[in-house]
There are 2 protein chains.
Amino acid sequence: MSATAHDVPVVKVLPEPEDLPEPLPEPAVGELRLETVLGALSDPLRLTIVRKLLLESEAFDHSCGWFGLDRPKSSLTHHFKALREAGVTRQRQYGLERRSHVRVADLDARFPGLLELVAAWTPKTP
Amino acid sequence: MSATAHDVPVVKVLPEPEDLPEPLPEPAVGELRLETVLGALSDPLRLTIVRKLLLESEAFDHSCGWFGLDRPKSSLTHHFKALREAGVTRQRQYGLERRSHVRVADLDARFPGLLELVAAWTPKTP
DNA sequence: TCGCTTGTACGAGTTTCATCGTACTGCGTG
DNA sequence: CACGCAGTACGATGAAACTCGTACAAGCGA
């Protein structure tokens with residue numbers, strides 16, 4: 001193709017799509033169901049996860065441990081899987097870690113306004 | 001601004017609050033919780049109810065039977081109660097009937113955009 | 001290669017929820 | 001006042017979901 005021998009890569013701002021590991025199994029955009037997504041978001045812990053991803057993750061995926069959640073690992077696996085299978089997050093395997101990010105574009109396309117509600121959410125005080 | 005003393009009220013679009021029976025017990029606006037509301041809306045039958053109220057109820061409350069749902073009465077009671085206790089609907093007793101409407105103003109104030117998602121929802125086809 | 005780390009799989013215990021039959025209440029009408 | 005109707009309350013059943021311990025797989029570094 002157009003790539004020649006003297007083409008030198010300079011800086012890579014973001015990893016190329018081909019460089020990323022394949023996402024774990026997830027529903028396609030057209031398969032997203034409102035009732036399923038709402039069900040996944042009806043749990044305080046999962047709201048916490050998604051909100052933290054929305055507000056504090058600057059274009060990076062984050063592994064399970066980054067959230068600092070005080071729960072056993074098997075519980076966290078359960079909730080991250082629930083979010084991914086509902087289509088809220090995407091997960092990729094980076095060596096040891098499995099990192100997550102919110103499918104912002106997909107969710108905004110299918111359910112505009114929903115993520116703003118999650119970002120504005122605050123946990124119950126008492 | 002331009003309103004002066006000789007402005008005469010023309011039509012009463014909505015009935016006065018004093019004419020209505022007291023609403024059944026429900027959470028106040030400030031007590032609405034996103035996780036609870038999303039949980040109430042994560043059920044296809046309840047989404048059907050709320051959507052139908054949003055799209056087809058022209059400023060009127062509607063009784064249980066109006067929806068034409070093919071379920072036993074005790075099931076319907078369960079779901080209408082779930083919606084009311086989550087703060088999605090308001091119910092008033094009119095003689096024999098208990099009529100419901102969506103708390104549009106309250107929900108729009110606390111969770112802007114949420115009801116638009118419900119209105120745009122369509123049940124699963126298969 | 002031997003650990004250490006990250007996370008999964010599986011399974012049990014508990015809880016919560018949906019469904020719905022039956023019996024009941026409360027209102028309105030004849 | 002007796003009947004009928006809208007809807008509730010209660011309870012049983014079964015399915016789903018949350019929580020979490022334990023055991024296991026896979027990557028990475030010394």
Closest approach to the side chain of B:Arg98, judged atom by atom: which nucleotide of D:dG7, C:dG7, D:dC18 is it? D:dG7
Spacing of A:Leu83 atom CG relative to D:dC18 atom P, expressed in whole Å: 10 Å
Of the listed nucleotides D:dC20, C:dT19, C:dG7, the one nearest the side chain of B:Ser75: C:dT19
Testing D:dC20, C:dG7, D:dT19 for proximity to the side chain of A:Ser74, the answer is D:dC20
First of B:Leu76 and A:Arg46 reached from the 5' end of DNA chain D, by closest nucleotide: B:Leu76
Mind calculating the distance between NE2 (A:His79) and C1' (C:dA9) to the nearest angstrom? 16 Å
Hey, does the side chain of B:His78 come within less than 4.0 Å of D:dT8's phosphate (OP1/OP2), counting only N and O? no
Within this structure, what is the CD-to-C1' distance between A:Gln93 and C:dG7, rounded to whole angstrom? 8 Å
Atom-pair distance (CD on B:Glu85; P on C:dA18), nearest Å: 12 Å
Let's see if you can work this out: which of D:dA6, D:dC18, D:dT19 has an atom nearest to the side-chain heavy atoms of B:Leu96? D:dA6
Could you please name the option among D:dG21, D:dC18, D:dA9 that lies closest to any side-chain atom of A:Asp43? D:dC18
Just how far, in rounded Å, is P of D:dT8 from CZ of B:Arg71? 16 Å
Minimum-distance nucleotide to B:Glu97 side chain [options: C:dC10, C:dA18, D:dG7]: D:dG7
Test applied, side-chain contact (heavy atoms from CB on, under 4.5 Å); reference residue, B:Gln93; option that passes from B:Arg99, B:Glu22, B:Arg98: B:Arg98
Classify the side chain of B:Thr77 and the base of D:dG7 as holding, or not holding, a donor-acceptor pair under 3.5 Å. no
Whole Å only: how far is the CG atom of B:Leu24 from the P atom of C:dT25? 19 Å
For the atom pair CG (B:Leu32) and CZ (B:Phe111), what is the distance rounded to the nearest 0.5 Å? 5.5 Å
Please test B:Arg90 against B:Asp106 for salt bridge (Lys or Arg N to Asp or Glu O under 4.0 Å), starting from the C-alpha separation and ending with a verdict. CA-CA 11 Å; B:Arg90 174 166 293 146; B:Asp106 291 346; 3.6 Å; yes
Co-membership, hydrophobic cluster, residues B:Val104 and B:Leu47, 4.5 Å side-chain: yes
Apply side-chain hydrogen bond (donor to acceptor under 3.5 Å, both in side chains) to the pair A:Ser100 and A:Gln91, showing each step before the final yes or no. CA-CA 4 Å; A:Ser100 303; A:Gln91 287 187 292; 3.3 Å; yes
Relative to the 5' end of DNA chain D, which residue comes earlier, A:Gly95 or A:Pro72, by the nucleotide with the nearest heavy atom? A:Pro72
Rounded distance (Å) that lies between atom C1' of C:dC17 and atom NZ of B:Lys81: 13 Å
Could you check how far CH2 of B:Trp66 sits from P of D:dC5, rounded to whole Å? 23 Å
